[in-house]
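Computed over heavy atoms, backbone and side chain alike; hydrogens, waters and symmetry mates excluded. We're numbering straight along the sequence, starting at 1. We count ligands from 1, going down the list as the structure has it; atoms in each ligand are counted the same way.
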Amino acid sequence: MKVPFSPPRIDEKTIEAVTEVLRSGWITTGPRTKEFERRLAEYCNVSNVLCVNSASAGLELVLHWFGVGPGDEVILPAYTYTATANVVLHCGAKPVMVDVKDDFNIDVALIEKAITPRTKVIMPVDIAGWPCNYYKINDLVRRSDIVQMFSPTTEEQRKLSRILVLSDAAHSLGAMYANARTGSLTDITVFSFHAVKNLTTAEGGAICFNLQEPFDNGEIYKTLCVKSLHGQTKDAFSKMKVGAWRYDVVEAGYKCNMTDILAAIGLVELERYDRYFDSITDSDDCKISNTGNSSSMLETRYKIFSIYSEEFSKHDCFIIPPYGSYSDGIHSSYHAYLLRIKGATEEQRDEIIQKISENDVAVNVHFQPLPLLTCYKNLGYKIEDYPVAYKNYSCEISLPVFYDMTYGQIELVIKSVIDATYSVLRHNS
Ligand SMILES: Cc1ncc(COP(=O)(O)O)c(C=O)c1O
């Protein structure tokens with residue numbers, strides 16, 4: 001493959017960090033995980049972060065903690081990855097899907113229409129790293145008529161007395177909205193560190209707690225720590241201390257803790273993620289990452305986005321994705337470059353992808369709206385109810401973006417996309 005889609009950035013530094021953990025005698029949850037949690041909390045400007053083994057597990061833990069169950073509704077976009085809705089189904093609740101806007105993110109006006117007395121949670125998704133309109137979402141859940149409609153059934157729901165905003169920020173670590181980073185924008189935020197994410201731990205996720213008084217985020221952290229480990233009151237690290245073997249189990253919890261092996265990768269990744277941290281340079285001049293002032297992951301991705309946009313905006317047939325500017329108060333995490341071909345049908349888009357692939361360039365589609373998938377069709381969701389999601393999806397192609405990308409690779413992607421698009425559109429005109 002001349003241009004892979006999104007290989008992880010694994011180098012000697014990562015390998016050394018993992019080897020050190022393997023040699024340390026402690027490989028599951030322990031000091032590295034706790035350190036990674038502290039560093040993430042500092043970066044996101046929140047008091048507490050809990051690391052888990054995936055974003056999916058993190059989202060489900062939070063829904064469980066908030067007491068979401070049968071009879072409850074959770075509002076989420078139809079345009080997302082299946083994890084967002086699956087976790088709601090696992091709790092026995094109903095995913096209420098709403099359509100999105102042209103920027104791929106959930107349409108807040110439609111959220112308002114979908115709210116009922118059964119709505120317990122709204123799960124906005126920062127598609128491709130572009131933050132949702134959190135001003136509007138946070139205002140909406142606090143509006144008096146919406147608050148009055150809320151019918152709490154658990155202690156946590158009574159304490160909050162309104163709909164919880166649980167942000168699915170699987171794509172958006174490091175993105176900014178109104179000068180604040182994701183993690184600090186809603187009540188609770190969940191990140192993914194899956195292998196194709198900007199910051200990876202192979203598999204992994206993190207939950208950022210940002211609830212206001214009377215909640216104590218430190219206490220919620222402890223409760224979810226226990227919930228993430230079978231409801232056991234002591235983790236393995238504490239139990240291993242001399243004379244500290246006794247523990248209790250207070251509920252039938254989950255098993256989704258992060259291991260120190262994964263956290264070690266995360267710590268290396270985070271250290272060089274953003275110019276917020278000290279960045280390091282590498283010596284290959286051909287790489288995008290080695291030009292300009294910083295070689296941080298975010299800035300490198302921003303440069304790749306900028307090059308793509310500069311070239312594609314010369315052609316009328318492309319729609320450039322929103323991503324903001326790296327130094328502005330609102331910007332993406334530049335996770336995925338969602339290019340659209342103006343007016344292309346789904347079949348034409350597929351044909352374009354086929355032609356691009358012939359040049360050994362890996363592209364993708366983010367995402368198939370959930371109502372197109374068998375599981376959700378069988379539950380009665382219909383794509384006709386989500387026209388914008390379908391329109392965005394049908395002409396969308398996600399382009400490769402990764403840290404070690406070279407100028408040669410980026411040129412090949414651009415040329416392949418332009419050639420393939422003109423060839424298909426010309427052929428069909
Ligand atoms: C929007 C969205 N939400 C949630 C997830 C789940 O993340 P994880 O694989 O860490 O469970 C993903 C994974 O790609 C995603 O794209």
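Checked against the 6.0 Å centroid threshold, Phe193 and Phe36 count as a close aromatic pair. Between Tyr386 and Tyr381, the gap from one ring centroid to the other reaches at least 6.0 Å. Checked against the 6.0 Å centroid threshold, Tyr254 and His64 count as a close aromatic pair.
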Return a table of donor-acceptor pairs under 3.5 angstrom between the side chains of residues 394-401 and protein atoms on other chains or two or more places apart.
{"residue": "Ser394", "atom": "OG", "partner": "Tyr390", "partner atom": "O", "Å": "3.0"}
{"residue": "Ser394", "atom": "OG", "partner": "Lys391", "partner atom": "O", "Å": "3.1"}
{"residue": "Glu396", "atom": "OE1", "partner": "His366", "partner atom": "N", "Å": "2.9"}
{"residue": "Glu396", "atom": "OE2", "partner": "Ser398", "partner atom": "N", "Å": "3.2"}
{"residue": "Glu396", "atom": "OE2", "partner": "Ser398", "partner atom": "OG", "Å": "2.7"}
{"residue": "Ser398", "atom": "OG", "partner": "His366", "partner atom": "N", "Å": "3.3"}
{"residue": "Ser398", "atom": "OG", "partner": "His366", "partner atom": "ND1", "Å": "2.7"}

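Using a 4.0 Å heavy-atom criterion, the residues that approach ligand 1 are Ser54, Ala55, Ser56, Thr80, Tyr81, Ala83, Thr84, Val125, Asp168, Ala170, His171, Ser192, His194, Lys197, Gly204, Phe367.
Under the 4.0 Å criterion applied to side-chain N and carboxylate O atoms, Arg272 and Asp11 are assigned as salt-bridge partners. Here Arg39 does not pair with Glu271 in a salt bridge; the nearest charged N to carboxylate O distance is not below 4.0 Å.
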